[in-house]
Amino acid sequence: MTQSTQPIPTPVGRKLERGIRQWLPGVAFILMCAACLWLSQFQGQTVVLTGEVEARELIISSPQAGIIRAILPELGENTDPVYSNVSEGQLIVRLDDGSVRQTLDELQSELLSLSRSVNVELARVDSNAEATQVPVSADSTSAISGNKQTDNPEQKLANELQAWRLGAATIERQLKQVELARLKLQLRQVQFSGLAGNKINQPSSTSNSVNNERMEEKGALEMAIAKLSTDLAFDGTAQTNQKLLSSVDESGLSVAVRSLFRSMRRRCELLQSRLAATEKSANALDILSPADGQIDKTHVQPMQLVEPGAPIASMIPSRETYAIGYSRERSGIRPVVGMPVALRSLSDPNLRFASTIESVGPKIESIPSRHRVNPRVEEWGRPVRIPIPKEMAIQPGSSISIELIVGENSN
């Protein structure tokens with residue numbers, strides 16, 4: 001015969017004590033977590049965004065009309081320049097100098113013709129001065145600096161002689177400028193032939209002989225350019241001749257000479273302006289790389305005629321200085337200029353680089369699909385622009401993790 005057992009009821013006080021012992025640690029832990037979350041609202045927060053390093057495309061355009069002679073001549077004629085690495089200041093495109101040389105020849109011909117006309121007038125004035133025994137001062141300004149008209153024929157001959165001498169000196173200086181520009185073009189040609197010659201497979205003896213000849217020619221041209229530049233810099237006519245030509249007192253000249261002198265002065269001024277434009281054009285024949293990077297694509301071919309401003313090639317800089325991120329509209333975080341951030345590369349998330357927000361976009365924009373949680377669901381946010389620290393090595397166009405640190409003092 002079995003006996004029924006009844007459970008002994010536990011007192012309420014004992015149950016309460018047991019419950020406190022079992023659940024108190026868990027409740028305390030939950031309360032501590034809640035307190036931490038609540039305090040974090042007033043302390044530093046971190047909101048993680050996905051950003052992207054800027055990838056600019058630099059368009060290299062032609063500064064003037066001309067014929068494309070070579071694109072990246074250091075690579076050789078049979079090498080495609082696309083995706084080639086270039087450094088800042090490297091020669092990218094070389095334009096043909098035929099039009100510049102032709103203009104220099106035309107300027108030289110006009111200057112020589114004008115010089116012959118001036119020499120004829122000088123010879124005439126010299127012969128008249130010798131016949132009348134007119135003393136001529138060596139100072140080119142003393143005889144033409146007066147403002148009063150004189151009827152003395154001897155004084156007029158002296159004025160005419162000094163005026164034509166001043167014109168001859170001005171023309172001589174312009175001829176030196178033409179010669180200097182031509183020498184620079186020759187040196188440019190020698191340097192280009194050196195670049196092209198290095199890519200041609202030749203026997204060592206032949207290559208050394210050609211290189212030696214090229215170096216000798218280059219040295220001779222550099223010396224000639226230096227000498228001519230020094231002469232132009234220290235001959236004392238760099239600024240005085242043009243100024244004196246325009247300030248000559250024409251009242252001291254006879255009527256016939258006055259008309260010839262005005263014509264000569266106008267032609268000198270016109271030739272000087274054309275010479276300056278030609279020198280500027282000659283300096284723009286070589287197009288250099290604006291930054292370190294890679295050629296993305298080319299828009300022209302060698303021996304193609306291009307117009308001023310026409311795109312020649314596009315390149316991507318190897319390093320960018322800014323990253324763009326988007327603060328989501330629903331995140332409740334309002335980015336401000338100076339807010340501290342931390343940047344992490346997705347390829348190496350262990351490295352963390354500190355930076356600050358430099359600028360914030362003026363409106364809410366559609367976030368690119370690449371940076372959405374679900375690429376198919378459209379999201380909206382406000383763009384922020386952040387400088388990339390120099391020590392952070394990252395490729396243009398790379399994705400980057402941006403941590404907005406809320407609550408810290410902004411710079």
Side-chain angles (χ1 to χ4, degrees), residues 46-63 71-72 74-75 79-93 287-300 309-328 335 337-375 378-405 411:
T46 299
V47 179
V48 180
L49 309 177
T50 301
E52 182 177 341
V53 180
E54 284 185 331
R56 295 175 300 160
E57 182 181 19
L58 302 180
I59 304 298
I60 301 174
S61 58
S62 176
I71 302 176
L72 278 181
E74 295 182 359
L75 298 179
T79 304
D80 190 354
V82 176
Y83 301 152
S84 299
N85 293 314
V86 294
S87 57
E88 184 176 0
Q90 180 179 342
L91 178 62
I92 297 292
V93 178
I287 304 175
L288 308 181
S289 172
D292 297 339
Q294 285 184 277
I295 299 296
D296 185 41
K297 54 187 169 182
T298 57
H299 306 280
V300 294
I312 294 177
S314 59
M315 63 171 295
I316 305 298
S318 58
R319 176 176 176 81
E320 290 293 351
T321 56
Y322 290 97
I324 303 297
Y326 291 86
S327 176
R328 288 175 172 79
V337 174
M339 178 181 290
V341 298
L343 305 179
R344 297 178 188 269
S345 172
L346 298 185
S347 60
D348 191 4
N350 295 326
L351 297 179
R352 185 174 183 269
F353 301 89
S355 185
T356 57
I357 295 179
E358 184 177 277
S359 58
V360 181
K363 63 179 181 177
I364 302 296
E365 300 179 5
S366 177
I367 299 177
S369 59
R370 183 182 180 186
H371 305 309
R372 301 173 188 169
V373 177
N374 186 349
E378 189 171 17
E379 295 184 73
W380 297 81
R382 198 175 182 191
V384 295
R385 197 163 186 251
I386 303 167
I388 298 177
K390 294 182 179 180
E391 60 272 13
M392 186 177 185
I394 190 168
Q395 293 293 323
S398 301
S399 294
I400 191 172
S401 175
I402 303 174
E403 300 176 4
L404 300 181
I405 305 173
N411 294 330

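It should be emphasised that the depicted structure is a prediction, and the values quoted were computed from it without experimental measurement. Note that these values count all heavy atoms, side chains included, but never hydrogens, waters or copies made by symmetry.
Between T356 and P340, the shortest heavy-atom contact is CG2-CA, 4.2 Å. Taking both residues in full, the closest heavy atoms of E57 and D296 are given as OE2-OD2, 3.9 Å, listed atom of the first, atom of the second, then distance. The two residues L72 and P81 have their closest heavy-atom pair at CD1-CB, 3.6 Å. When all heavy atoms of I400 and A323 are compared, the closest pair comes out as CG2-CB, 4.3 Å. The shortest heavy-atom contact between I388 and L343 is CA-CD1, 4.4 Å. Between F353 and P389, the closest heavy-atom pair is CB-CG, 4.0 Å.
Salt-bridge check for R56 with E320: passed, with a basic side-chain N closer than 4.0 Å to an acidic carboxylate O.
Partner I324 forms a side chain to side chain contact (heavy atoms under 4.5 Å, CB included) with one of H371, E54, E52 and no other, that one being E54.
For Q395, the CD atom counts as loosely surrounded, since its 6.0 Å shell holds 12 or fewer non-hydrogen atoms of other residues, nucleotides or ligands.
Side chain of E379 to main chain of V373: a donor-acceptor pair is present (N/O by atom type, distance under 3.5 Å, no hydrogens or angles). Under a 3.5 Å cut-off, the side chain of R319 and the backbone N or O of D292 do not form any donor-acceptor pair. Although no hydrogens or angles enter the test, the distance criterion places no donor-acceptor pair under 3.5 Å between the side chain of R382 and the main chain of P362.
Y326 places a side-chain heavy atom less than 4.5 Å from the side chain of E365. The closest side-chain heavy-atom distance from P290 to E88 is not below 4.5 Å. Here the side chains of E378 and S366 are in contact, with some heavy-atom distance below 4.5 Å. When side chains are defined from C-beta on, T298 does not count as touching V300, because their heavy atoms never get closer than 4.5 Å.
Interatomic distance, I357 CD1 to I402 CD1, rounded to the nearest 0.5 Å: 8.5 Å. Rounded to the nearest 0.5 angstrom, I312 CD1 and I287 CD1 are separated by 3.5 Å. In this structure, the separation between OG on S61 and NE2 on H299 is 10.0 Å, given to the nearest 0.5 Å. For the atom pair Q294 CD and I316 CD1, the distance stands at 9.0 Å (nearest 0.5 Å). The CZ atom of R352 sits 10.0 Å away from atom OG of S401, with the distance rounded to the nearest 0.5 Å. Separating the CG atom in N374 from the OG atom in S369 is a distance of 10.5 Å, to the nearest 0.5 Å.
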query = Under the side-chain contact (heavy atoms from CB on, under 4.5 Å) criterion, do E403 and V341 qualify, and how do the steps go?
reply = CA-CA 5 Å; E403 300 176 4; V341 298; 6.0 Å; no
task = Apply side-chain contact (heavy atoms from CB on, under 4.5 Å) to the pair I367 and R328, showing each step before the final yes or no.
result = CA-CA 8 Å; I367 299 177; R328 288 175 172 79; 3.7 Å; yes
task = Kindly determine whether R385 and E358 satisfy salt bridge (charged side-chain N to carboxylate O under 4.0 Å, His left out), including the steps that lead there.
result = CA-CA 6 Å; R385 197 163 186 251; E358 184 177 277; 3.8 Å; yes
